Protein chains: 2
Amino acid sequence: MDLELTVDRASPVPLYYQLSRQLEVAIERGRLRPGTLLGNEMRLAGSLGLSRPTVRQAIQALVDKGLLVRRRGVGTQVVRSQVKRPLELTSLYEDLEAAGQRPTTRVLDLATVAAPPEVAAALGLAPGAEVRRLERLRLTHGEPIALLRNYLPVGLLAVDRTALEGTGLYRLMRAAGTTLHSARQSIGARAATAEYAELLAEPVGAPLLSMERTAYDDTGRPVEYGSHLYRATRYAFELQLLIRP
Amino acid sequence: MDLELTVDRASPVPLYYQLSRQLEVAIERGRLRPGTLLGNEMRLAGSLGLSRPTVRQAIQALVDKGLLVRRRGVGTQVVRSQVKRPLELTSLYEDLEAAGQRPTTRVLDLATVAAPPEVAAALGLAPGAEVRRLERLRLTHGEPIALLRNYLPVGLLAVDRTALEGTGLYRLMRAAGTTLHSARQSIGARAATAEYAELLAEPVGAPLLSMERTAYDDTGRPVEYGSHLYRATRYAFELQLLIRP
DNA sequence: CAGTGGTCTAGACCACCTC
DNA sequence: AGGTGGTCTAGACCACTGT
């Protein structure tokens with residue numbers, strides 16, 4: 001199979017990760033074709049000078065990503081379907097950027113306000129507590145795609161208007177040291193009101209995709225609540241998901 | 001902390017799984033409160049008579065589920081947010097059932113037809129190849145919720161009309177030995193046409209949620225293509241997702 | 001500094017699948 | 001029967017966190 005797998009023991013990168021990454025790249029580039037059987041774990045370990053548990057750890061990471069399947073008595077195979085990303089937090093900005101769409105953002109509003117009831121509930125604050133509200137219009141090629149309204153606990157992020165026009169909110173939050181851990185989102189549909197229709201350049205009554213989301217950091221603290229509206233003619237949510245037995 | 005953790009070495013259930021399950025139940029029942037530090041891995045291993053790798057394997061499973069967080073130099077903590085299910089394949093029937101909604105199904109059509117182009121592409125078949133088509137109306141309390149149109153490769157499932165009226169498609173597929181592994185779905189919105197409006201008891205032009213999905217088994221073979229329409233006034237997709245660093 | 005999780009090793013036995 | 005992954009052990013050293 002001559003995959004030229006190697007590990008560098010002098011590197012600070014964990015050995016299992018070095019191996020896992022090389023296998024992942026080989027699968028992405030088609031050097032390991034769907035259905036291919038990896039050599040058995042003992043042989044792989046031997047040829048790389050690693051122990052079997054380390055090789056297993058590398059393989060397990062790719063099984064968790066859905067790229068490999070293990071079968072007892074058979075071996076480890078490359079999955080036949082084209083798994084892309086195992087479902088990440090949908091970041092509209094990064095999604096559009098990855099699709100080569102060159103997104104732009106117009107900041108419509110940026111203020112500190114009393115939290116509306118549903119926002120206070122989502123962020124675990126007292127009703128009426130202060131929160132940062134930001135309202136943005138996201139566009140590609142000058143065409144509006146979505147209206148984004150977000151609420152953040154005060155003090156979490158020094159929100160900068162020009163920074164917001166150049167990148168996505170999540171990237172700013174990560175850069176400020178907030179590590180996102182989980183999120184709950186609800187996706188629905190509704191008809192455009194006159195106000196939203198004008199902002200999004202759709203006729204009144206046009207179907208819009210709506211998404212409400214609460215995101216948490218790794219201590220379980222709510223760090224963001226968002227209520228977004230998307231033009232259904234220009235955007236749809238793409239999800240890839242894995243089913244665990 | 002007196003959690004009364006025990007393992008049964010005579011059981012065929014893997015030790016790491018026994019431990020993992022007990023911790024999971026303790027978290028669900030609130031016996032391990034959010035923020036609680038688990039004892040360190042060595043002590044846990046010693047008190048249970050297990051090796052550290054086995055204890056780590058148990059903990060890792062819960063970290064992957066988003067229930068625990070590990071911090072080097074600190075310890076392993078119960079996550080503070082209320083993680084529900086880590087996002088399963090959305091099965092409308094099972095979702096409604098779990099919510100106590102007593103779903104019912106009306107089978108509108110069940111036939112073998114030539115695959116439309118998008119279906120053939122999704123299922124990896126030649127254009128015009130034969131597929132099983134089923135069209136169902138899903139209701140709760142006599143109210144329509146969704147119009148479900150599915151395509152299956154012929155021969156995969158002996159589709160039984162009465163069975164379809166009593167349960168969900170995925171449950172039937174699992175019972176027939178098909179193990180689902182991954183799926184791609186796209187969620188959008190559109191306005192109700194006259195035909196769909198009548199079936200779903202909505203006005204013409206009402207916003208509907210749409211979902212297209214291709215599901216694969218663990219060999220990567222496409223096993224189902226679905227194109228569904230939901231009443232936006234009665235249904236929304238709830239997703240819980242974890243962000244991996 | 002002491003304590004934590006992160007990584008790694010070199011074995012072992014077992015359950016399952018294919019031939 | 002032979003080969004595969006699944007589980008488990010008893011050690012070891014390191015990197016990071018808190019005091």
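Naming convention: chains lettered A, B, ... in sequence-line order (proteins, then strands); numbering from 1 in each chain. Only a predicted model underlies this, so the values are computations on that prediction, with no experimental measurement involved.
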Return yes if a side-chain donor-acceptor contact under 3.5 Å exists between B/Asp8 and B/Gln18, otherwise no.
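Result is no, nothing qualifies.
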Would you say D/dT7 has OP1 or OP2 under 4.0 Å from some side-chain N or O of B/Tyr16?
yes
C/dG6, OP1 or OP2 - any side-chain N/O from B/Arg56 closer than 4.0 Å?
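The answer is yes; a side-chain N or O of B/Arg56 sits under 4.0 Å from OP1 or OP2.
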Nearest-angstrom distance from the residue atom [atom1] of [X] to [atom2] of [N]:
| X | N | atom1 | atom2 | value |
| --- | --- | --- | --- | --- |
| B/Leu68 | C/dG5 | CG | C1' | 13 Å |
| B/Leu48 | D/dT7 | CG | P | 18 Å |
| A/Glu41 | D/dG6 | CD | P | 7 Å |
| A/Leu37 | D/dG3 | CG | P | 15 Å |
| B/Gln57 | C/dG6 | CD | C1' | 16 Å |
| B/Asp64 | C/dG6 | CG | P | 12 Å |
| B/Arg70 | C/dT7 | CZ | C1' | 11 Å |

Please, which pairs that meet side chain to side chain donor-acceptor pair (under 3.5 Å) have at least one residue in residues 115-132 of chain B, sequence neighbours excluded?
B/Thr112-B/Arg132
Can you list everything that forms a side-chain hydrogen bond (donor to acceptor under 3.5 Å, both in side chains) with A/Thr6? Sequence neighbours excluded, please.
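Checked A/Thr6 against side-chain hydrogen bond (donor to acceptor under 3.5 Å, both in side chains); zero matches.
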For each nucleotide in nucleotides 9-19 of chain C, reading 5' to 3', give B when a protein heavy atom comes within less than 4.0 Å of its base, S when such contact involves only the sugar-phosphate, and - otherwise.
BB-B--BBS--
Partners of B/Glu135 by salt bridge (charged side-chain N to carboxylate O under 4.0 Å, His left out), sequence neighbours excluded?
B/Arg149
Looking at residues at least two apart in the chain, or sitting in another chain, which of them share a salt bridge (charged side-chain N to carboxylate O under 4.0 Å, His left out) with B/Arg21?
B/Glu24
Donor-acceptor pairs under 3.5 Å, side chain of residues 66-74 of chain A to any protein atom, not counting sequence neighbours: which ones?
{"unit_1": "A/Arg70", "atom_1": "NH1", "unit_2": "A/Glu41", "atom_2": "OE2", "d": "3.0"}
{"unit_1": "A/Arg70", "atom_1": "NH2", "unit_2": "A/Gln60", "atom_2": "OE1", "d": "2.3"}
{"unit_1": "A/Arg71", "atom_1": "NE", "unit_2": "A/Gln77", "atom_2": "OE1", "d": "3.3"}

Nucleotide nearest B/Asn40 (side chain, heavy atoms from C-beta), chosen from D/dG5, C/dG5, D/dC8:
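In terms of side-chain proximity for B/Asn40, the closest of D/dG5, C/dG5, D/dC8 is C/dG5.
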Point-to-point distance, once rounded to the nearest 0.5 Å, from OG1 of A/Thr36 to CD1 of A/Ile27
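A/Thr36 atom OG1 to A/Ile27 atom CD1 measures 8.5 Å (nearest 0.5 Å).
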If you assign B/Ile59 and A/Val13 each to the DNA chain C nucleotide with the nearest heavy atom, which residue ends up on the more 5' nucleotide?
B/Ile59
